[in-house]
Amino acid sequence: MKRYLALLLLLLPIAGQWVQSQERRSPNIEVSNLSAGESPVRISDVKIDIKVVGALAVTTVDMTFYNPNHRVLEGELQFPLADGQSISRFALDINGRLREGVVVEKAKGQEVFESVIRQKVDPGLLEKTQGNNFRTRVYPLPARGTRRIVIAYEQELPLEDNKYRFFLPIEYRDKLDNFNIDIAVFANKQRPDVDKTPWGKFEFNSTGDAYTASYSGKSYQATGQLVFCIPAKDGKPTYIEKGKISGETVFYAQAFPKMPEQSKEQPRRIALFQDISSSMESRNRQMEIELLDSYFKQIKDITVDLHSFNCVIGKTRSFTITNGNWSELKEALDRLPYDGATQLGSLDFSKLNVDDIFLFTDGLSNFGKQIPIFGKASVSVINSSIKADNSMLRYISSTSGGSYVNLMQQTASDAVKLLMNENFRLISTQYNKSEISDFTTSGSIIDPKIGFSIAGKLKVPKASVTLQFGIGNRVLYAETITLDAKEAVDYDNIVERVWAEKKIAELDLLYEKNKDEIETIGRQYNI
């Protein structure tokens, strides 16, 4: 069963529709049951609060929706998140008071949802659907009245030129009556730089232990992007705080290991698996073409075994590519029909005699078995869809020793480098388990922009963690991170919540196996 989490409340907010585009990721509102002559429900007020500690950012979006019509309406709010962003709060107003959501597993959430409906009470249910998208039914939207919903999400920011980069699309379909944004950047001695705003001049000022910035607008047509950069902390970026939820000392730290580029041995034969399920029709085919074109131009001569699949495996065809000419393979890919469900568990890579495996899929496995059978060859996963199961795609690539290529976030040239170079990865972690508990990492593969991060709970005043990185099983770089409880600072509980997010992300790679623990942590931290 596909994984979902639900946030249950006793009343519900409203409706939204997301335009599928990398640039437009702000929520908008749609109501499907409007009658002739009625006006659309609109977002009237938006308040955004952003808190940043080093690479950690928490964004809270507070939205008010207005129904200008003379009858009660119902709708659905879809709230899409980018890869790496996780919802940590869901709340809505009931009689003027915000009520916080409670995390439950989908089956139980649906059971409670239907039970509440039978009691003639209007429940609120925020579900995590396929990919990193969330939705909630909205009812009632009072006639000529408003409802309010609050959603918060957390993320780790990428590091570019020794600066953390924060990006926020601010594009709402309707003109807003009121728009407010407040930002606080903690634990940094240097002023953040503003690269771009939709409204013009915007700068940070020093306020106590933080740099802050604010903007307010009325009758505001929100269209554009907010981008600002935060200079990285001198030395090793380590953040420690006394958790307000667990009462324990929690830490978060980043490492940016030196990553030598080492080309793979020239492959002679690769297997290309193309997902031809219905969901793949909406992918960005042009990006995939650019990637393969660039790859074959560099490889020049190679044999490619083409495997198409949805819930079953199609017939295999082989193509010989000479001097980078892959026109015959391209034509075969263009002719593939797209239909049916996806069963990733139908893939058996252990039977293949190839040097590399390329898997083109969105990872949305909705039929039968979900986990492929791995073999000796690494599996590099290529995704060109906005809606994708990034957790599953990372699990397949990291488990097999391959790369995860997300063409929604990478250029074709950067992706080709990943496919042609050896993976520089985490080989081992060394620490005393009596000194550190609940330890978690960001996986095994290092993202050159986000680096490698660890989190856990410190059980003694001082401890250390040694990370070893390399290629295959050969250690090429080691780094020791020292953790001192005396350096604990109040970061408004951001560090503890990010630990919980990272732990859930680690467990989520195999959701069915870990769903009870995921639900326990989700309940405790309301994630």
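Count residues from 1 along the sequence. Note: hydrogens, waters and symmetry copies are ignored here, and every other heavy atom, side chains too, is used.
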**Request:** Check whether any side-chain heavy atom of E154 lies under 4.5 Å from a side-chain heavy atom of Q85, and answer yes or no.
**Result:** no
**Asked** Hey, what do you get for CZ (F469) to OG1 (T429), rounding to the nearest 0.5 Å?
**Response** 9.5 Å
**Request:** Check the angle between the aromatic planes of W199 and Y215 and answer parallel, tilted or perpendicular using the 30° and 60° thresholds.
**Result:** parallel
**Asked** For N205, does the CG atom have more than 12 heavy-atom neighbours from other residues, nucleotides or ligands under 6.0 Å away?
**Response** yes
**Prompt:** Which distance, rounded to the nearest 0.5 Å, do you find between the OG of S246 and the CD of Q524?
**Reply:** 6.5 Å
**Asked** Looking at side-chain heavy atoms only, is the closest gap between V58 and D492 below 4.5 Å?
**Response** no
**Item:** side chain to side chain contact (heavy atoms under 4.5 Å, CB included) between T64 and I43, worked out
**Value:** CA-CA 6 Å; T64 300; I43 302 176; over 6 Å; no
**Item:** Worked verdict on F90 versus I149 for side chain to side chain contact (heavy atoms under 4.5 Å, CB included)
**Value:** CA-CA 7 Å; F90 169 53; I149 183 170; 3.3 Å; yes
Return all side-chain donor-acceptor pairs below 3.5 angstrom for residues 450-465, not counting sequence neighbours, or 'none' if the list is empty.
| unit_1 | atom_1 | unit_2 | atom_2 | d |
| --- | --- | --- | --- | --- |
| S453 | OG | E156 | OE2 | 2.9 |
| S453 | OG | K502 | NZ | 2.6 |
| K457 | NZ | E248 | OE1 | 3.0 |
| K459 | NZ | E248 | OE2 | 2.8 |

**Asked** Quick one: do the E517 and N514 side chains pair a donor with an acceptor below 3.5 Å?
**Response** no
**Pairwise side-chain contact, Q468 with V475, heavy-atom cut-off 4.5 Å (strictly under)** = yes
**Side-chain heavy-atom pair L226, I183 within 4.5 angstrom cut-off** = yes
**Prompt:** Hey, do the aromatic rings of F251 and Y239 have their centres closer than 6.0 Å?
**Reply:** no
**Request:** Please identify each residue that fulfils salt bridge (charged side-chain N to carboxylate O under 4.0 Å, His left out) with D490, with sequence neighbours left out.
**Result:** K244
**Asked** Which pair of non-hydrogen atoms, one from L159 and one from F256, has the smallest distance, and what is that distance?
**Response** CD2-CZ, 3.3 Å
**Message:** Within the 3.5 Å criterion, strictly below it, is a donor on T480 or T466 matched to an acceptor on the partner's side chain?
**Reply:** yes
**Item:** For F358, ring-ring contact (aromatic ring centres under 6.0 Å, His included) partners two or more places apart
**Value:** Y295
**Request:** Verify, without hydrogens or angle tests, whether T207 (side chain) and A210 (backbone) share a donor-acceptor contact under 3.5 angstrom.
**Result:** no
**Prompt:** Looking at S434 and N432, what are the two nearest heavy atoms and their distance?
**Reply:** OG-OD1, 2.5 Å
**Message:** For W499 together with Y525, are the ring centres under 6.0 Å from each other?
**Reply:** yes
**Asked** Looking at side-chain heavy atoms only, is the closest gap between S403 and S380 below 4.5 Å?
**Response** yes
**Request:** Kindly give the heavy-atom pair with the smallest separation between S214 and F202, and that separation in Å.
**Result:** O-CE1, 3.3 Å
**Message:** I want to check something: taking the side chain as every heavy atom from C-beta on, are L407 and N383 in contact at a cut-off of under 4.5 Å?
**Reply:** no
**Prompt:** Would you say I151 and L77 make side-chain contact, with heavy atoms under 4.5 Å?
**Reply:** yes
**Message:** Testing S385, S279, S384 one by one against D362 for a side-chain hydrogen bond (donor to acceptor under 3.5 Å, both in side chains), which residue passes?
**Reply:** S279
**Message:** Would you compute the distance between atom CG of L344 and atom CG of L393 and round it to the nearest 0.5 angstrom?
**Reply:** 8.0 Å
**Message:** Evaluate R148 against L92 for side chain to side chain contact (heavy atoms under 4.5 Å, CB included), listing each step before the verdict.
**Reply:** CA-CA 6 Å; R148 179 183 167 209; L92 67 107; over 6 Å; no
**Request:** Kindly give the heavy-atom pair with the smallest separation between T342 and L364, and that separation in Å.
**Result:** CB-O, 3.5 Å
**Request:** Evaluate side-chain hydrogen bond (donor to acceptor under 3.5 Å, both in side chains) for Q155 paired with Y153, printing each intermediate quantity in order.
**Result:** CA-CA 7 Å; Q155 67 190 105; Y153 60 89; 4.9 Å; no
**Message:** With rounding to the nearest 0.5 angstrom, report the CD1 to CD1 distance, I181 to I170.
**Reply:** 4.5 Å
**Request:** Check the pair S378, S400 against side-chain hydrogen bond (donor to acceptor under 3.5 Å, both in side chains), reporting the backbone distance first and the verdict last.
**Result:** CA-CA 5 Å; S378 62; S400 67; 5.8 Å; no
Which side-chain N or O atoms in residues 47-54 pair as donor and acceptor under 3.5 Å with protein atoms at least two apart or in another chain?
| unit_1 | atom_1 | unit_2 | atom_2 | d |
| --- | --- | --- | --- | --- |
| D49 | OD2 | K51 | NZ | 2.9 |

**D484 and E487: CA distance, side-chain angles, deciding distance, side chain to side chain contact (heavy atoms under 4.5 Å, CB included) verdict** = CA-CA 6 Å; D484 191 339; E487 297 177 0; 4.0 Å; yes
**Request:** Would you give the length of the straight line joining atom OH of Y164 to atom CD of Q254, rounded to the nearest 0.5 angstrom?
**Result:** 3.5 Å
**Request:** Nearest 0.5 Å please: distance from the CD1 atom of I357 over to the OG atom of S397.
**Result:** 12.5 Å
**Request:** Indicate the atoms forming the closest heavy-atom contact of T238 with L483, along with that distance.
**Result:** CG2-CD2, 3.7 Å
**Request:** Grab the two heavy atoms, one from R394 and one from Y404, that are nearest each other, plus how far apart they are.
**Result:** CG-CD2, 3.7 Å
**Message:** Restricting to ring-ring contact (aromatic ring centres under 6.0 Å, His included), what partner residues turn up for F228, sequence neighbours left out?
**Reply:** F166, F204
**Message:** Tell me every residue that passes ring-ring contact (aromatic ring centres under 6.0 Å, His included) with F349, counting only those two or more places apart in sequence or in another chain.
**Reply:** F273
**Request:** Would you check if R89 and T60 make a side-chain contact, meaning some heavy-atom pair closer than 4.5 Å?
**Result:** yes
**Prompt:** Thinking salt bridges, do R147 and D93 make one under a 4.0 Å N-O criterion?
**Reply:** yes
